[in-house]
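Below is one structure, written out as structure tokens, with a few remarks after it.
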Protein chains: 2
Amino acid sequence: MTTQVSPPGEGDVEHPAGGTRWLDAEEQRAWRAWLYSTQLLNDRLERELMRATGIPTAYYEILVQLSETPSRQMRMSELADRCLSSRSRLSHAVSRLEERGWVRRQECAEDGRGLLAVLTDEGFAALEAAAPVHVEGVRTHLFDQLTPEQVEAMRDLGETLLRHLDPSR
Amino acid sequence: MTTQVSPPGEGDVEHPAGGTRWLDAEEQRAWRAWLYSTQLLNDRLERELMRATGIPTAYYEILVQLSETPSRQMRMSELADRCLSSRSRLSHAVSRLEERGWVRRQECAEDGRGLLAVLTDEGFAALEAAAPVHVEGVRTHLFDQLTPEQVEAMRDLGETLLRHLDPSR
DNA sequence: GCGGAATAGTCAAGCGCTCAACTACGCTAC
DNA sequence: GTAGCGTAGTTGAGCGCTTGACTATTCCGC
């Protein structure tokens with residue numbers, strides 16, 4: 001995941017044409033710090049939410065998306081897109097949420113191919129119970145560590161990258 | 001994963017004492033941008049490396065760590081720490097890398113309990129083949145998108161969070 | 001209205017991760 | 001020396017994700 005390994009015998013300055021654009025020492029440092037910090041933060045939030053509530057963050061995200069919709073329901077595909085999830089993954093996940101009684105599938109009137117994922121009252125209650133845990137984690141491990149300027153920089157970075165990685169958003 | 005769901009009936013300003021410190025609109029925006037961008041970036045790099053070389057980033061990271069050591073070998077536990085990996089996870093991963101002939105386990109002279117993971121020549125060759133793909137991905141999807149100021153901010157953010165999440169580093 | 005492409009969603013196989021239990025060795029103190 | 005504890009590493013069960021193939025429905029052009 002780290003990025004090093006300029007092939008042995010090669011320094012920082014590379015084949016002027018066609019060669020790999022290796023990272024210099026500063027870029028290495030920035031990349032590793034970013035990589036490790038995001039990974040540690042996600043691991044931490046995942047673990048804390050899981051321990052406290054038994055809900056993985058991937059499921060939490062599904063519940064959140066459904067809860068933010070006026071009727072607490074959404075087409076499977078749109079839900080997948082919003083959760084940055086593949087159709088298949090979402091389908092599996094919704095099946096498991098259905099087993100917990102937190103979501104149910106409902107046929108879609110306008111489109112015979114489609115299904116709606118509907119958040120149940122039990123699902124909403126589970127979300128309400130989990131939200132404080134998750135938010136407190138984000139607060140403690142992220143915002144409490146940063147100055148307002150750093151928060152601003154984080155937003156700017158995230159939005160810049162989003163424009164490249166997912167222009168539709 | 002997103003963080004919303006202030007319980008219905010509650011606004012942004014909360015129970016002054018003991019209540020959850022919900023995120024305000026600005027924080028929401030920053031958090032979601034960060035969360036989605038890191039997720040999309042990781043997915044993208046993972047997918048590109050996997051398609052081009054058949055190596056998952058988790059294995060790539062193991063190969064990199066071993067390659068950066070003078071003798072291309074490292075104690076299992078240290079390798080796990082450096083890869084932000086559990087012992088168990090690393091043990092499984094090394095077994096699979098052994099099947100590919102890229103790593104082998106070797107008994108440790110100084111400590112009868114310990115094992116060394118040793119990078120083989122085949123493993124090093126696989127790494128050399130994969131590195132340009134990975135570096136080019138990081139270049140294209142990250143550094144090419146950012147100004148020098150943003151790169152600096154990224155490093156600063158990452159290092160600030162690392163100090164909190166993993167003080168030993 | 002019919003044939004073909006596109007879209008919505010599911011499912012099974014295979015891989016990788018987590019958790020908890022387990023083996024084996026080392027360290028310290030008596 | 002041996003009891004007890006801590007450390008190193010492995011293992012197996014179970015879960016979740018990915019991929020690719022599959023069914024069903026809709027859309028489009030003629």
Side-chain angles (χ1 to χ4, degrees), chain A residues 1 39-40 42-63 73-100 102-118, chain B residues 1 39-40 42-63 73-100 102-118:
Chain A
M1 203 95 106
Q39 207 160 310
L40 285 169
N42 283 331
D43 288 359
R44 189 87 156 237
L45 293 175
E46 174 76 46
R47 205 169 288 270
E48 288 180 359
L49 188 64
M50 191 66 184
R51 282 207 178 274
T53 70
I55 306 179
T57 54
Y59 293 7
Y60 181 79
E61 173 78 359
I62 294 173
L63 300 180
Q73 60 186 35
M74 199 184 289
R75 287 291 295 270
M76 293 289 284
S77 315
E78 187 178 353
L79 189 51
D81 289 346
R82 285 189 194 257
C83 296
L84 305 182
S85 178
S86 70
R87 313 273 159 114
S88 170
R89 179 186 179 195
L90 182 79
S91 182
H92 286 299
V94 166
S95 298
R96 282 173 248 120
L97 289 172
E98 238 175 347
E99 286 166 19
R100 296 192 187 194
W102 291 352
V103 170
R104 66 190 159 71
R105 276 179 243 245
Q106 187 178 295
E107 306 222 322
C108 177
E110 309 92 62
D111 186 339
R113 297 166 300 181
L115 291 176
L116 289 164
V118 185
Chain B
M1 203 97 104
Q39 208 160 310
L40 285 169
N42 283 330
D43 287 359
R44 191 86 155 238
L45 293 175
E46 174 75 45
R47 206 169 287 269
E48 288 181 358
L49 188 65
M50 191 65 184
R51 281 206 178 275
T53 69
I55 307 180
T57 54
Y59 293 6
Y60 182 78
E61 172 78 358
I62 293 173
L63 300 180
Q73 61 187 30
M74 201 184 288
R75 286 290 294 269
M76 295 290 285
S77 315
E78 188 179 353
L79 188 51
D81 289 347
R82 286 191 194 255
C83 296
L84 305 182
S85 178
S86 70
R87 312 273 159 118
S88 170
R89 181 186 177 195
L90 182 79
S91 182
H92 285 298
V94 166
S95 297
R96 283 174 247 119
L97 288 172
E98 239 174 347
E99 285 165 20
R100 296 192 186 194
W102 291 352
V103 170
R104 68 190 157 74
R105 274 177 244 243
Q106 187 179 294
E107 307 222 325
C108 178
E110 308 91 63
D111 187 339
R113 296 165 299 180
L115 290 178
L116 290 164
V118 184

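Just the heavy atoms: all of them, side chains too, but no hydrogens, waters or symmetry mates, feed the values below. Below, read A as the first sequence line, B as the second, and so on, with proteins coming before strands; counting in each chain starts at 1.
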Between [N] atom [atom2] and [X] atom [atom1], what is the distance in whole Å?
| X | N | atom1 | atom2 | value |
| --- | --- | --- | --- | --- |
| E61(A) | dG16(D) | CD | P | 17 Å |
| E46(A) | dC19(C) | CD | P | 9 Å |
| L97(A) | dC17(D) | CG | C1' | 15 Å |
| E99(B) | dG14(C) | CD | P | 15 Å |
| D81(B) | dT7(D) | CG | P | 13 Å |
| L90(B) | dT7(D) | CG | P | 19 Å |
| H92(B) | dC15(D) | NE2 | P | 16 Å |
| Q106(B) | dA8(D) | CD | P | 18 Å |

Return no unless some side-chain N or O of [X] is found under 4.0 Å from OP1 or OP2 of [N].
| X | N | answer |
| --- | --- | --- |
| R105(A) | dT10(C) | yes |
| R96(A) | dG16(D) | yes |
| R47(B) | dC17(D) | no |
| R87(B) | dA8(D) | yes |
| R113(B) | dT7(D) | no |

Mind checking if S86(B) touches a base, just sugar-phosphate, or nothing, with heavy atoms under 4.0 Å? sugar-phosphate

Upstream residue (5' side of DNA chain C) when E110(B) and A93(B) are each assigned their closest nucleotide: A93(B)

Comparing nearest nucleotides in DNA chain C, the 5'-proximal residue of the pair R89(A), M50(A) is R89(A)

Separation between CE (M76(B)) and CG (L90(B)), nearest 0.5 Å, reads 4.5 Å

Measure the CG-CG distance between L84(A) and L40(B) for me, rounded to the nearest 0.5 Å. 5.0 Å

Listed by chain and number, what are the side chain to side chain donor-acceptor pair (under 3.5 Å) partners of D43(A), not counting sequence neighbours? none

Under 3.5 Å: donor-acceptor pair, side chain of E98(B), backbone of R105(B): yes

On DNA chain D, compare the nucleotides closest to G114(B) and P56(A); which residue's is nearer the 5' end? G114(B)

Are Y59(B) and R96(B) close enough that a side-chain donor and a side-chain acceptor fall under 3.5 Å? yes

Hey, is the side chain of S88(A) pairing donor to acceptor with the base of dC11(C) inside 3.5 Å? yes

Considering only dA8(D), dT18(C), dT10(C), which nucleotide approaches the side chain of M76(A) most closely? dT10(C)

